[in-house]
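Some notes on the structure that comes next.
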Amino acid sequence: MSMPEDYLKYPERHYGMDHDRYDWSDLFQRAPIVWPNGARIALSIVTHVQHFPLDMPSKPFKAPGALSMPYPDFRYYTNRDYGNRVGIFRILRLLGEKGLKASFAINGIIASRYPALLDAVVEGGHEVVAHGLDMGKVHHSGLSEEDENAIIAEALGLLRQASGQKVEGWLSPGRAQGFNTPDLLAKNGVTYGLDWANDDLPYEMRTKNGVLIAMPMAYETDDRVVADEYFQSEADWVQQVKDRFDVLYRESADYGGRVMSLPIHSWVSGMPYRVEYLREVLDYILSHEGVWNAPAGEICAAFMKAGQPA
């Protein structure tokens, strides 16, 4: 008995992607990007600075790294808070020692809860990126446009007022987005986002309110992911970051500039037994010629100035 001809017909099956935010593009077929001073690699360091509420909700889901023990979960609350009391300053000292500038993805609520953290980031010459309101307020399609817009506007408003910066970059808590998130980010003056991990160069995204640039930020070599999701050692993380850099550096000789993203967390790499591994990674990358370090916003601006297509 043969199947009817219409059995394999599916009205939603089509060529292309499941959304129309951007056009698919082969990285190796694009026009080569040239970074300032002819650099081969743009080093983008993004430090997560996060506040996990003690009473954070569990629905619709918890952001990665969330508190997981019965309330009140002081075990993990204080572990995460270590990053805001100690870890961030250890990372700032290391970056200062190396003469590096980074982006600090900061929960908006930290501007009012821990203003000294924001002051230290700004005084160090680093870029402030909005990291949502707090780690208990994830973005998802169950939020109404009005409610999600209010969260975005409040986070940006707190950080812009406290830092004195334009704050045009965005990283969602847990990198989670709803279908409306890119449109609302552009509406609120965000020019680039760090949520999407599908490229080694920036690219243009379409929104109802203009272009939003997707900036590369690694997921698999994120310090928290390697430690908490893959259960691998700090030495493993170092090797993986070096391997990532080596491939991008090698490709840049033939295909043009690349972005080497280095996502770290103040409560992970800011630990005393981990910060020396971060030092090793930075020393290795900086030992190569043609590495240009800049905050993500500056790298984004350089990409746009170069006139690269999406």
Side-chain angles (χ1 to χ4, degrees), residues 15-36 39-48 64 102-103 105 127 129-131 139 168-172 174-179 181-183 185-186 190-207 210-226 229 240-264 285 290-310:
Y15 290 104
M17 299 178 293
D18 293 332
H19 59 82
D20 60 356
R21 289 292 183 190
Y22 56 83
D23 297 323
W24 181 86
S25 173
D26 180 349
L27 174 66
F28 296 92
Q29 297 297 320
R30 299 177 204 164
I33 182 75
V34 178
W35 296 125
R40 295 170 60 175
I41 296 290
L43 173 60
S44 174
I45 304 168
V46 180
T47 303
H48 300 58
S103 300
E127 177 192 36
V129 170
H131 189 20
H139 296 257
E168 296 179 318
W170 178 273
L171 173 65
S172 300
R175 302 195 189 203
Q177 291 191 1
F179 288 117
T181 308
D183 300 319
L185 293 177
V190 172
T191 61
Y192 76 88
L194 292 158
D195 291 336
W196 295 43
N198 57 345
D199 217 303
D200 291 318
L201 281 177
Y203 63 87
E204 294 185 3
M205 295 180 65
R206 291 183 284 267
T207 82
V211 171
L212 183 69
I213 301 297
M215 287 294 293
M217 194 168 80
Y219 182 77
E220 290 86 352
T221 46
D222 178 305
D223 61 352
R224 185 203 63 78
V225 172
V226 171
E229 294 187 19
Q240 290 161 10
V241 174
K242 288 181 177 180
D243 290 345
R244 185 183 198 101
F245 174 82
D246 286 345
V247 170
L248 294 174
Y249 193 76
R250 184 167 62 246
E251 290 178 357
S252 69
D254 297 321
Y255 298 100
R258 295 286 190 260
V259 174
M260 172 66 192
S261 61
L262 184 62
I264 57 177
I285 293 173
V291 174
W292 170 54
N293 160 246
E298 192 173 333
I299 295 172
C300 179
F303 174 79
M304 297 301 290
K305 185 177 181 180
Q308 294 299 306

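Excluded from the calculations below are hydrogen atoms, water molecules and symmetry mates; all remaining heavy atoms, backbone and side chain alike, are included.
Between the side chain of W35 and the main chain of R258, a donor-acceptor pair closer than 3.5 Å is present. At least one donor-acceptor pair under 3.5 Å links the side chain of S261 to the backbone N or O of A218. Within the 3.5 Å criterion, the main-chain N or O of A176 finds no donor-acceptor partner in the side chain of H139. No donor-acceptor pair under 3.5 Å is formed between the side chain of S103 and the backbone N or O of V129.
When side chains are defined from C-beta on, E204 counts as touching M304, because their heavy atoms get closer than 4.5 Å. Counting only heavy atoms from C-beta outward, the side chains of I285 and Y249 never approach each other to under 4.5 Å. No side-chain heavy atom of L262 sits less than 4.5 Å from a side-chain heavy atom of V46. Looking at heavy atoms from C-beta onward, L212 lies out of side-chain contact with W170 at the 4.5 angstrom threshold. With a 4.5 Å cut-off on side-chain heavy atoms, P216 and P202 count as touching. Looking at heavy atoms from C-beta onward, H131 lies in side-chain contact with H48 at the 4.5 angstrom threshold.
Within the model, atoms CE of M215 and OG1 of T191 stand 9.5 Å from one another, a figure rounded to the nearest 0.5 Å. Note: R250 CZ to F245 CZ = 11.5 Å, rounded to the nearest 0.5 Å. Atom CG in L27 sits 11.0 Å away from atom CG in N198 (nearest 0.5 Å). The CG atom of L248 lies 11.0 Å from the CG atom of L43; values are rounded to the nearest 0.5 Å. Remark: D183 CG to M205 CE distance equals 9.0 Å, nearest 0.5 Å. Going from atom CD1 of I213 over to atom OH of Y203 covers 10.0 Å, rounded to the nearest 0.5 Å.
Residue W196 is tested with R175, M217, R21 for a side-chain contact (heavy atoms from CB on, under 4.5 Å); the sole match is R21.
Considering every non-hydrogen atom in both T221 and R244, the closest pair reads OG1-NH1, 3.3 Å. Among all heavy-atom pairs drawn from D26 and F28, the shortest one is OD1-N, 2.9 Å. Of all heavy-atom pairs spanning I41 and M260, the tightest one is CG2-CB, 3.5 Å. Nearest heavy atoms, A294 versus I299: O-CD1, 3.4 Å. Annotation for T207 and P182: closest pair CG2-O, 3.7 Å, computed over non-hydrogen atoms. In terms of heavy-atom proximity, A253 sits nearest to R40 at CB-NH2, 3.4 Å.
Side-chain atoms of Y255 and D200 form no donor-acceptor pair, as typed in the model, at a separation below 3.5 Å.
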